[in-house]
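Presented below is the structure to which this report refers.
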Amino acid sequence: MGVRVPPSANHGEPMKTKGRVAIFLSGRGSNFEAIYQNSLKKEANFEVVVIISNKKSARGLEKAKEYGLPAFFISPKKFGLKTAYEKEIIKTLKKHDVDLICLAGYMKIVGEELLRAYENRILNIHPALLPAFPGLHAQKQALDYGVKVSGCTVHFVDAGVDSGPVILQQAVAVEPGDDEETLSQRILKEEHRIYSAALRLYFENRLKISERNVIILA
Ligand code: GAR
């Protein structure tokens with residue numbers, strides 16, 4: 001049986017208030033910025049309420065602070081076990097009344113604790129057309145393989161690496177002479193667009209997970 005997400009207390013009607021989004025990042029934070037800028041638009045149905053990073057030096061964390069957003073470095077090392085680390089994260093998420101987590105260049109595998117607490121409420125963006133080229137350096141993997149088309153994927157997060165049900169994908173042509181940098185830039189532009197598109201669908205309550213499939217309701 002399919003699972004409608006978020007659990008619909010609103011009987012399939014679009015949500016009335018803005019969805020509250022947490023962004024997890026480890027580095028540059030360009031996807032965070034794109035989501036944040038889109039959230040400021042009048043028609044946006046989501047808002048960014050907290051940023052969490054596992055890296056103290058993440059540029060995205062600095063940018064979040066510049067925007068005046070609540071932004072926290074939570075050190076995995078300080079907590080030792082992943083469950084303890086994620087319990088601390090969950091405390092922060094609860095404090096900010098988060099509906100949905102967006103991984104945006106968050107280079108850590110999400111553990112059981114978070115997956116249980118936010119079941120079907122964690123999204124990720126990946127710079128390849130999954131299931132091709134999961135993991136690190138997806139754009140380089142695509143170039144090394146010699147594909148003519150790559151792209152990006154927004155998907156629900158499960159216990160694997162870049163393996164959960166696919167929500168949206170955008171193909172990007174590999175041009176002759178592309179290197180990792182040029183292909184990454186072209187894919188990134190599409191990442192910035194489809195991540196917010198997926199968020200909009202999520203908070204319109206239009207995503208239904210049916211085993212591996214994500215059905216987009218009309
Ligand atoms: C993005 O290209 C994102 O797709 C990728 O990390 C980059 C983060 O950039 N994520 C993965 O590879 C996840 N497997 P950003 O910090 O500028 O958003």
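In listed order, ligands and their atoms are each counted from 1.
In this structure, Pro127 is part of the shell of residues with a heavy atom less than 4.0 angstrom from ligand 1. Under a 4.0 angstrom heavy-atom cut-off, Gly29 registers as being in contact with ligand 1. Residue Leu25 places every heavy atom at 4.0 Å or more from ligand 1.
With Arg20 as reference, Val49 is the one residue of Val48, Val49, Leu100, Val50 to meet the side chain to side chain contact (heavy atoms under 4.5 Å, CB included) rule.
Between Glu119 and Arg116 no salt bridge is recorded (no basic side-chain N to carboxylate O distance below 4.0 Å). Salt-bridge formation is detected for the pair Glu88/Lys91: a Lys NZ or Arg NE/NH1/NH2 atom is positioned less than 4.0 Å from an Asp or Glu carboxylate oxygen.
Taking the ring-ring contact (aromatic ring centres under 6.0 Å, His included) definition, one finds that Tyr67 meets it with Tyr36, sequence neighbours left out.
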Taking distance alone, no hydrogens or angles, what donor-acceptor pairs closer than 3.5 Å link side-chain atoms of residues 166-175 to residues at least two apart or in another chain?
residue : atom : partner : partner atom : Å
Gln169  : NE2  : Leu130  : O            : 3.0
Gln169  : NE2  : Thr153  : OG1          : 2.9
Gln170  : OE1  : Arg193  : NH2          : 2.7

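Close approach of ligand 1 to Met107 (heavy-atom distance below 4.0 Å) involves ligand atoms 6 (O), 10 (N), 11 (C), 12 (O). Residue Glu191 approaches ligand 1 through these ligand atoms, each under 4.0 Å from one of its heavy atoms: 1 (C), 2 (O), 3 (C), 4 (O).
When non-hydrogen atoms are compared, ligand 1 lies under 4.0 Å from neither the backbone nor the side chain of Leu103.
For ligand 1, the polar-atom distance check against Asn31 finds a nitrogen or oxygen pair separated by under 3.5 Å.
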